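One structure below.
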Number of protein chains: 4
Amino acid sequence: MTAAKPGAGTRDGKPGAGTRDGKPGAGTRGAGRPRSAEKDAAILKAALDLLASHGYTRMSLSQVAEAAQVSKSTIHLRWKTKADLLTAALAALRMADAPAPSGDTRAELIAILEDFAATVERVRGMALIGTCLAEEAHTPELLALLRERTVLPRRALLRQVLEQARERGEILPDADLEGAVSALLGPYYADYMAASSPRSGWARAAVDLVLAGLRAGSDTR
Amino acid sequence: MTAAKPGAGTRDGKPGAGTRDGKPGAGTRGAGRPRSAEKDAAILKAALDLLASHGYTRMSLSQVAEAAQVSKSTIHLRWKTKADLLTAALAALRMADAPAPSGDTRAELIAILEDFAATVERVRGMALIGTCLAEEAHTPELLALLRERTVLPRRALLRQVLEQARERGEILPDADLEGAVSALLGPYYADYMAASSPRSGWARAAVDLVLAGLRAGSDTR
Amino acid sequence: MTAAKPGAGTRDGKPGAGTRDGKPGAGTRGAGRPRSAEKDAAILKAALDLLASHGYTRMSLSQVAEAAQVSKSTIHLRWKTKADLLTAALAALRMADAPAPSGDTRAELIAILEDFAATVERVRGMALIGTCLAEEAHTPELLALLRERTVLPRRALLRQVLEQARERGEILPDADLEGAVSALLGPYYADYMAASSPRSGWARAAVDLVLAGLRAGSDTR
Amino acid sequence: MTAAKPGAGTRDGKPGAGTRDGKPGAGTRGAGRPRSAEKDAAILKAALDLLASHGYTRMSLSQVAEAAQVSKSTIHLRWKTKADLLTAALAALRMADAPAPSGDTRAELIAILEDFAATVERVRGMALIGTCLAEEAHTPELLALLRERTVLPRRALLRQVLEQARERGEILPDADLEGAVSALLGPYYADYMAASSPRSGWARAAVDLVLAGLRAGSDTR
DNA sequence: TATGAATGAGTGTTCATTCAT
DNA sequence: TATGAATGAACACTCATTCAT
């Protein structure tokens with residue numbers, strides 16, 4: 001969950017923006033001053049920060065404009081509405097890279113979970129998640145993007161490690177891997193709901209619980 | 001997570017509640033026109049509905065007033081501020097009762113988790129949770145109350161069942177019960193983050209995983 | 001400028017109030033509980049205090065009610081509107097008594113002026129005056145009553161002393177006494193406008209100036 | 001006490017005034033749409049009118065907006081708060097110029113006093129003064145500005161004339177000039193308090209009284 | 001009589017958005 | 001392109017007043 005490097009692919013999710021996009025002669029840069037890429041990036045970064053710290057409705061475009069050192073109109077020139085801007089800001093989120101594969105399933109899973117927790121704390125992730133959940137009925141794109149850019153990639157990472165473990169015979173061949181992924185990540189959310197901070201060692205405990213369950217199977221089912 | 005019946009102990013946190021104390025049959029009823037209990041209830045219900053469907057900042061007292069068929073002033077007569085009102089609305093949430101103890105640990109845990117999921121879905125609980133998370137920095141009372149009234153009681157229920165199982169020797173004596181509780185509830189949150197609806201059978205799977213883990217212990221730690 | 005003793009003549013200026021006034025059989029007290037005279041007085045006192053400290057529009061009937069320890073409705077029962085109440089409160093103002101006549105014109109004038117200044121300061125008189133001036137276009141009764149109850153009686157006192165001095169031949173027989181009264185009081189206002197507090201010795205200086213002028217006449221007219 | 005010509009130095013105390021500094025012919029005019037000077041003036045004029053006719057608290061920004069034919073937001077763009085706006089409106093008051101010095105002390109003083117009275121009547125000055133007095137406890141800037149912009153300059157004018165008279169030996173060398181100034185202006189206020197209009201010839205009478213007093217001294221002190 | 005509930009009109013202020021330069 | 005001005009709609013909250021007990 002980090003802001004993508006500016007300049008590469010940041011135009012994604014900018015719905016009504018590109019006035020140049022329909023122009024003939026690809027390659028021609030068009031007349032007039034080109035849009036500043038620095039400003040693009042500064043606006044998106046400011047928007048994301050404010051989204052996490054103030055929430056969707058409490059943040060204002062004036063605040064974004066001030067933080068990004070541009071005028072409000074400059075924002076509207078790029079994104080038609082507030083929702084468009086914040087959608088784009090979320091779209092610029094990027095997952096951290098996968099950890100180096102060590103062959104040690106347990107260690108790899110713990111590393112991923114701890115990186116997850118660290119990232120969430122670094123970017124006030126729970127507030128951001130809360131905002132997207134709260135807005136789900138009103139601006140579903142926010143939650144959709146959060147999923148696409150952060151939740152699902154992280155889940156895929158975990159799943160990959162579990163699949164390798166399965167191939168190595170470390171866990172049962174018919175194990176429910178999606179369920180296992182939720183069992184790995186879930187305790188973090190549950191802990192936060194109980195106390196705004198995870199129990200220390202939560203990641204280790206979650207991994208051990210899941211590995212034990214997948215290894216042994218459960219004989220009461 | 002259900003709105004408490006009006007008239008029974010719902011006066012908590014109502015600042016300007018006046019002289020009445022809700023006790024029936026107390027002879028002295030205080031001077032002046034009595035406050036309408038129907039309006040109390042209608043306001044709280046409308047507030048909670050709107051809180052879940054629009055979020056804290058997007059909902060307005062005008063909307064509450066209209067939904068509850070009262071004037072805005074009538075709301076302000078009862079609660080000084082918007083935060084007071086919504087705090088009271090959350091405080092009026094009530095946990096479902098504990099399920100009848102059957103002696104079957106697995107069945108009891110599953111029942112609690114399925115009731116949890118049903119309640120969350122009935123009151124748009126994830127949007128409510130999202131709102132409280134999003135407002136944590138700004139109106140921490142919301143999350144605090146949500147915890148106190150819904151999260152912690154549910155956790156206590158789960159813990160109680162686990163403690164009984166420990167007494168019966170069904171799980172290891174040194175098992176980390178708090179961690180187990182988070183492992184039971186967590187998958188619901190994780191599933192919601194992945195897809196806005198839990199995998200079918202999530203509760204059963206979570207219970208089996210946890211019971212297996214607690215029974216076997218984990219030998220890799 | 002002091003609040004009149006409660007119970008004596010405080011019903012003056014209560015326009016639409018007396019529901020009993022039209023009743024037949026003077027002397028019959030009517031059925032039901034009689035209106036509390038203490039409350040009358042407490043309300044008027046609170047109203048006057050608040051009028052001086054907050055001004056007409058900034059004070060609220062709730063504040064009056066709280067200060068007087070009655071309900072808002074009790075106020076409306078006696079006076080139909082806010083303006084009625086404050087008019088009545090001003091009507092309850094009373095001038096201080098005339099100083100004992102000493103035969104010393106200069107000393108008597110100074111005494112009156114210093115009492116004037118002291119009274120103004122004691123009751124935040126300039127704020128009260130300001131309120132009445134500010135409301136002149138909207139609620140002219142306020143300024144009218146302030147005049148009738150405080151300004152004109154004070155002027156009459158001063159005029160009386162000057163008339164005695166004229167009879168004794170201390171000042172010119174054709175002196176403009178109204179102008180002299182304004183010349184005596186005016187410097188206080190002018191000083192306040194310049195600095196919110198009169199120059200020390202202003203009263204003495206004003207009296208000396210006026211007496212000198214009236215004694216000598218002015219030879220340039 | 002007249003509204004200053006728009007465009008010349010009226011930007012004092014305008015918080016969000018932006019990049020323009022009012023200097024003409026400066027080549028760089030700043031980016032974006034220029035702020036309408038007509039609106040500036042219309043708002044200030046409307047604010048001052050309403051301040052005098054309704055008083056601080058009774059007037060509303062909606063009224064100002066309607067009278068000035070602008071939106072409320074346009075007002076807030078220029079001044080952050082109601083107090084800021086009215087402070088600026090008062091700050092835009094300007095004293096009339098000094099009368100041509102004629103060498104005739106008496107005539108000059110009378111001219112100043114009559115201009116004072118005329119100005120007060122033209123801008124509903126006593127209501128304005130009343131508002132500032134009434135608000136002294138709550139918004140002291142109003143009275144402070146009224147003093148700085150109108151009261152003190154007028155007093156300085158009077159004092160100047162008196163000083164010249166002293167230099168010419170027309171009045172006693174040790175005369176209390178501040179007291180004399182208050183004695184000149186005071187009768188106007190005192191008359192207004194008595195009857196909402198000065199006695200005819202008040203200015204002449206005040207000047208004669210003061211000059212007589214300063215010429216003769218007062219032998220009873 | 002006296003009380004507290006209830007309300008409609010109104011407050012100053014903020015905001016996302018559009019317009020003119 | 002980029003800016004600042006301008007705006008309509010909405011916001012939480014207050015008030016004097018009327019109603020029901």
Side-chain angles (χ1 to χ4, degrees), chain A residues 19-20 30-36 39 57-65 70-78 80-83 85, chain B residues 16 18-20 29-36 39 57-65 70-83 85, chain C residues 19-20 30-36 39 57-65 70-78 80-83 85, chain D residues 16-20 29-36 39 57-65 70-78 80-83 85:
Chain A
T19 52
R20 300 219 172 287
R33 190 181 349 167
R35 271 189 203 161
S36 156
K39 286 183 179 164
T57 40
R58 225 187 265 279
M59 67 179 285
S60 78
L61 294 192
S62 304
Q63 291 169 327
V64 176
V70 297
S71 71
K72 273 193 293 182
S73 303
T74 297
I75 299 175
H76 275 282
L77 195 58
R78 281 146 217 257
K80 260 210 282 223
T81 67
K82 185 182 183 182
L85 166 63
Chain B
T19 52
R20 289 191 307 152
R29 293 191 37 262
R33 177 174 173 180
R35 199 171 281 183
S36 159
K39 286 181 178 165
T57 39
R58 213 189 276 279
M59 68 177 288
S60 77
L61 294 191
S62 304
Q63 291 169 329
V64 176
V70 297
S71 71
K72 274 192 288 181
S73 309
T74 295
I75 299 176
H76 278 286
L77 178 64
R78 288 164 163 76
W79 299 277
K80 254 204 267 235
T81 66
K82 183 182 184 181
L85 166 62
Chain C
T19 53
R20 303 217 172 287
R33 189 174 358 162
R35 270 187 202 161
S36 156
K39 286 182 178 166
T57 40
R58 225 187 265 278
M59 67 179 287
S60 78
L61 293 192
S62 303
Q63 291 169 327
V64 176
V70 297
S71 71
K72 272 193 291 181
S73 304
T74 296
I75 299 177
H76 276 283
L77 195 58
R78 282 147 216 258
K80 261 210 281 223
T81 66
K82 185 182 184 181
L85 166 62
Chain D
T19 53
R20 288 191 307 154
R29 295 191 34 264
R33 178 174 172 180
R35 199 170 280 184
S36 160
K39 285 181 178 166
T57 40
R58 213 189 278 277
M59 69 176 289
S60 76
L61 294 190
S62 303
Q63 291 170 328
V64 176
V70 297
S71 70
K72 274 194 288 181
S73 309
T74 296
I75 299 176
H76 278 286
L77 178 64
R78 289 164 163 75
K80 256 203 266 232
T81 65
K82 184 182 184 182
L85 166 61

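Naming: A, B, ... by sequence-line order, numbering from 1 per chain. It should be emphasised that the depicted structure is a prediction, and the values quoted were computed from it without experimental measurement.
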Can you give the dot-bracket line for DNA chain F, using ( ) for pairs inside the strand, [ ] for pairs that cross earlier ones, | for pairs with another strand and . for unpaired bases, where Watson-Crick and G-U count if both distances are under 3.5 Å? .||||||||||||||||||||

Please state whether the phosphate of dA5(F), meaning OP1 or OP2, lies under 4.0 angstrom from any side-chain nitrogen or oxygen of Arg78(D).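 So the side-chain polar atoms of Arg78(D) never come under 4.0 Å of the phosphate oxygens OP1 or OP2 of dA5(F).
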
Does a side-chain N or O from Thr74(B) land closer than 4.0 Å to OP1 or OP2 of dT7(E), or not?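 Yes.
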
Reading nucleotides 13-18 of chain E 5' to 3', which nucleotides get B (base under 4.0 Å from a protein heavy atom), which S (sugar-phosphate only), which -? BBBBBB

Can you name the side chain to side chain contact (heavy atoms under 4.5 Å, CB included) partners of Ser71(A), sequence neighbours left out?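 Testing Ser71(A) for side chain to side chain contact (heavy atoms under 4.5 Å, CB included), a comparison that skips the adjacent residues, returns Ser73(A), Thr74(A).
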
Residue list, side chain to side chain contact (heavy atoms under 4.5 Å, CB included) with Lys82(D), at least two apart or on another chain: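 With sequence neighbours excluded, Lys82(D) shows a side chain to side chain contact (heavy atoms under 4.5 Å, CB included) to Tyr56(D), Met59(D), Leu61(D), Leu86(D), given in chain and number order.
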
Looking only at non-hydrogen atoms, find the nearest pair between Gln63(D) and Ser60(D) and report the distance.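 Here Gln63(D) and Ser60(D) meet closest at OE1-N, 2.8 Å.
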
Please report the closest heavy-atom contact between Ser62(A) and Lys72(A), naming both atoms and the distance.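 Smallest heavy-atom distance, with atoms named: OG-CD, 3.5 Å.
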
If you round to the nearest 0.5 Å, how far is OG1 of Thr81(C) from NE2 of His76(C)?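 Reported to 0.5 Å precision, the distance equals 8.0 Å.
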
Report the distance from atom CH2 of Trp79(B) to atom P of dA5(E), rounded to the nearest whole Å.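 Rounding to the nearest Å, CH2 of Trp79(B) and P of dA5(E) are 12 Å apart.
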
Which whole-number value in Å describes the distance from Leu77(C) CG to dC19(F) P?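 About 14 Å, once rounded to whole Å.
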
So which one's nearest nucleotide on DNA chain E is more toward 5', Ile75(B) or Ser71(C)?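 The residue whose closest nucleotide sits nearer the 5' end is Ser71(C).
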
